[in-house]
Amino acid sequence: MNIETTKLELMHLLLQTQKESLLAKLKKVFDEEQTDWWDEMTKEEQDEIKAGLSQADKGEYSANETVMKRFDKWH
């Protein structure tokens, strides 16, 4: 059985059920399986983003238009 067939069968079962407890269990499984993109980043990447946000909070940034003009020659 391929994954698309399995998805369709699961959708059919979900649409047919009226058991809230079953739906809650399934939702819990999906919630537990989801990963946060932040947690998938390296410590260095997280630190760079934090530094950038800190700079932005202090007003240390360039407007998008200014940056785009600088890189126009590559478009």
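Nothing here was measured: the structure is a model prediction, and the numbers come from that model. Along the sequence shown, the residues carry numbers beginning at 1.
- A chain of hydrophobic side-chain contacts below 4.5 Å, direct or via other Ile, Leu, Val, Met, Phe, Trp or Tyr residues, connects L22 to L14.
- Distance check: L8 CG to L13 CG gives 11.0 Å after rounding to the nearest 0.5 Å.
- For K58, the salt bridge (Lys or Arg N to Asp or Glu O under 4.0 Å) criterion is met by no residue, not counting sequence neighbours.
- Here the NZ-CD distance, from K27 to E32, works out to 11.0 Å after rounding to the nearest 0.5 Å.
- Residue E20 places its CD atom among 12 or fewer non-hydrogen atoms of other residues, nucleotides or ligands, all under 6.0 Å distant.
- Separation of atoms CD (Q18) and CG (L23) is listed at 8.5 Å; rounding is to 0.5 Å.
- Crowding of E40 atom CD: a count of heavy atoms from other residues, nucleotides or ligands under 6.0 Å exceeding 12.
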Item to check | Audit row: W38, Q46, side chain to side chain contact (heavy atoms under 4.5 Å, CB included) steps and yes/no | outcome: CA-CA 7 Å; W38 182 261; Q46 291 177 359; 3.4 Å; yes
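- F30 and W37 fall into different hydrophobic clusters, where Ile, Leu, Val, Met, Phe, Trp and Tyr residues are linked whenever their side-chain heavy atoms come under 4.5 Å apart, directly or through other members.
- Between the side chain of E45 and the backbone N or O of T42, at least one donor-acceptor pair lies under 3.5 Å.
- At a threshold of 4.5 Å between non-hydrogen side-chain atoms, the residues N64 and M68 count as touching.
- The shortest non-hydrogen separation linking N2 to E4 is OD1-N, 3.1 Å.
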